[in-house]
**Student:** 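This is the structure I want to talk about, given as structure tokens.
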Amino acid sequence: MPSWLALYYDEPLEIVRGEGRHVWDASGRRYLDFFGGILTTMTAHALPEVTKAVSEQAGRILHTSTLYLDRNMVELAERVAASSGIPDARVFFTTSGTEANDTALLLATARRRSNQVLAMRNSYHGRSFSTVGITGNSAWSPTSLSPLQTLYVHGAVRTRGPYAHLSDADFIAASVRDLEDMLGQAHGTVAALIAEPVQGVGGFTAPPDGLYAAFREVLDRHGILWISDEVQTGWGRTGDHFWGWQAHAGNGPPDLLTFAKGLGNGMSVGGVVARAEVMNCLDANSISTFGGSPVTAAAALANLRYLLDHDLQGNARRVGALLAERLRAVAAALPVVREVRGRGLMIGVELASPRAAARALETAREQGLLIGRGGRAGDALRIAPPLSLTDDEAGEGAAMLERALRAVDAEEASP
């Protein structure tokens, strides 16, 4: 495998089994999973409803492609379209978030007949050639070559940058002025703004609520489309809303919405939702060999039903608030912790240095807790358990993370 393929931990971990919010490694050790395969195991490991749907569908037929009708795919498209808030919505299924964002860029640039795209600083949108070209985090963008001309604007990171000292209202106003100034430097038509409501790889950073609604007023004046990248923020993970864009809903839903990760609970599914006039703008044939396959669509349907039937969005809001409160109390006494942020079960803990974050990742594993890592400099811990996390598990995980952070704080303080 390539040298640039990242692996967590000094001694990489082989996960061989999962159940609920726990996983086991090849040696039989159990871990509390606070990362869910990068926010992908959304409901629970080995959720019976999902494994049953996969098994039953696999016993009938594994694959057909979009050249043929598939009842699971059609029903899933109807449910996703209805939940999106986008009027007269159409859905195209892909196999990943990268591919979903790739498709959204294709649609927006074709619709607007322009390859100019606005993106947010510190952003991440995938690993394909086009999506690394709109990724505002240099640690995840390995080439300056791109089919797109990307203009990066301020606003996605509340606590850093030239506007960090301002009030929320002034922060939004300054970011809007920056957007308007950036548009003044564009060469004619701009196709779209793509933005994550909460930046995932960026370390779970977010702007004040309402920023993208304010941006939308400017975008609408110029006819620029708004793409909301919900690959990590969708399906109720932020607790307060089903979609991240709803925290910025002043002017209604985005023109395009991308999703992936949690919908399949580990099965490979992603997609794009867009207004019919945008989705249908392509004047060439296209299919998806694997997008919306019978098995992945069956899994996604079962997973979505479980999430709604058990109000996992409400659970994310309630348990996430308890977990964040506990971590903020811990952080207040530890100089190594700069900030605890996020919403729902999408919590970022920014540390004093990348070294401290790396040590915290390792030490948490030693405690029996799996977490993620991100941020522009790799200095943030990412906490995103399955949305069915219980109060007791939240307390258990917070205690393990507290011990890890205290150990790292002591290491950083020693000469």
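Sequence positions, counted from 1, serve as the residue numbers for this chain. Note that this is a predicted model, so its numbers are computed, not measured.
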**Student:** Quick one: sort the Tyr212 and Phe215 rings into parallel, tilted or perpendicular, breaks at 30° and 60°.
**Tutor:**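 Ring orientation, 0 to 90° scale: perpendicular.
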
**Student:** side-chain hydrogen bond (donor to acceptor under 3.5 Å, both in side chains) between Thr233 and Glu230: does it pass, once the steps are laid out?
**Tutor:** CA-CA 5 Å; Thr233 52; Glu230 302 273 358; 2.6 Å; yes

**Student:** Assess whether a salt bridge exists between Glu49 and Arg305, defined as any Lys/Arg side-chain N lying under 4.0 Å from an Asp/Glu carboxylate O.
**Tutor:**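 A salt bridge is absent here (no side-chain N lies under 4.0 Å from a carboxylate O).
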
**Student:** More than 12 non-hydrogen atoms from neighbouring residues, nucleotides or ligands closer than 6.0 Å to CG on Leu183, yes or no?
**Tutor:**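 Yes - once you tally the heavy atoms of other residues, nucleotides and ligands closer than 6.0 Å, there are more than 12.
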
**Student:** Give the minimum heavy-atom separation between Arg90 and Asp88, together with the two atoms involved.
**Tutor:**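 Minimum heavy-atom separation between Arg90 and Asp88: NH1-OD1, 3.0 Å.
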
**Student:** Measure the acute angle between the ring planes of His63 and Phe290, then classify it against the limits of 30° and 60° as parallel, tilted or perpendicular.
**Tutor:**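 Taking Phe290 first and then His63, their aromatic rings sit tilted (interplane angle of 30° to 60°).
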
**Student:** Under the 6.0 Å and 45° cation-pi test, does Arg373 pair with Tyr8?
**Tutor:**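 No - Arg373 does not lie over the ring of Tyr8 by the 6.0 Å and 45° rule.
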
**Student:** Do Trp235 and Lys261 make a side-chain contact, defined as non-hydrogen atoms from C-beta onward lying under 4.5 Å apart?
**Tutor:**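 When only atoms from C-beta onward are counted, Lys261 and Trp235 do not touch, as no gap falls below 4.5 Å.
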
**Student:** Using a strict 4.0 Å threshold on nitrogen-to-oxygen distance, state whether Arg403 and Glu366 make a salt bridge.
**Tutor:**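 Result for this pair is no, no salt bridge flagged.
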
**Student:** Quick check against the 3.5 Å criterion: does Tyr152 have a side-chain atom that pairs as donor or acceptor with the backbone of Thr135?
**Tutor:**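 Judged by distance alone, yes, a pair lies under 3.5 Å.
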
**Student:** Do the side chain of Asp255 and the main chain of Leu225 share a donor and acceptor less than 3.5 angstrom apart?
**Tutor:**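 Not confirmed, Asp255 side chain does not pair with Leu225 backbone.
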
**Student:** When you look at CH2 of Trp24, are more than 12 heavy atoms from neighbouring residues, nucleotides or ligands closer to it than 6.0 Å?
**Tutor:**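 Enclosed: over 12 neighbouring heavy atoms sit under 6.0 Å from CH2 of Trp24.
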
**Student:** Can you check side chain to side chain contact (heavy atoms under 4.5 Å, CB included) on Ile224 and Arg112, steps first, answer last?
**Tutor:** CA-CA 8 Å; Ile224 299 169; Arg112 295 281 290 155; 4.0 Å; yes

**Student:** State which residue, out of Arg160, Gln199, Arg376, fulfils the side-chain hydrogen bond (donor to acceptor under 3.5 Å, both in side chains) condition with Thr205.
**Tutor:**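 Among Arg160, Gln199, Arg376, the one meeting side-chain hydrogen bond (donor to acceptor under 3.5 Å, both in side chains) with Thr205 is Gln199.
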
**Student:** Between Glu402 and Arg406, does at least one N-O distance fall below 4.0 Å, as a salt bridge requires?
**Tutor:**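 Yes, this pair counts.
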
**Student:** Hey, are the side chains of Leu401 and Phe34 touching, using non-hydrogen atoms and a 4.5 Å cut-off?
**Tutor:**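 No - every pair of side-chain heavy atoms lies 4.5 Å or more apart.
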
**Student:** Please evaluate residues Glu196 and His125 with respect to the criterion side chain to side chain contact (heavy atoms under 4.5 Å, CB included), reporting the C-alpha separation (whole Å), side-chain torsions for both, the decisive distance (0.1 Å), and the verdict.
**Tutor:** CA-CA 8 Å; Glu196 305 156 272; His125 297 288; 3.8 Å; yes

**Student:** Using a strict threshold of under 4.0 Å (side-chain N to carboxylate O), is an ion pair present between Arg158 and Glu350?
**Tutor:**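 No salt bridge links Glu350 with Arg158.
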
**Student:** Verify whether one side chain among Ser27 and Asp25 offers a donor that lies under 3.5 Å from an acceptor in the other.
**Tutor:**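 Yes, Asp25 and Ser27 have a side-chain donor paired with an acceptor closer than 3.5 Å.
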
**Student:** With a 4.5 Å heavy-atom cut-off, do Glu339 and Thr159 have their side chains touching?
**Tutor:**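 Result yes, sub-4.5 Å side-chain heavy-atom pair found.
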
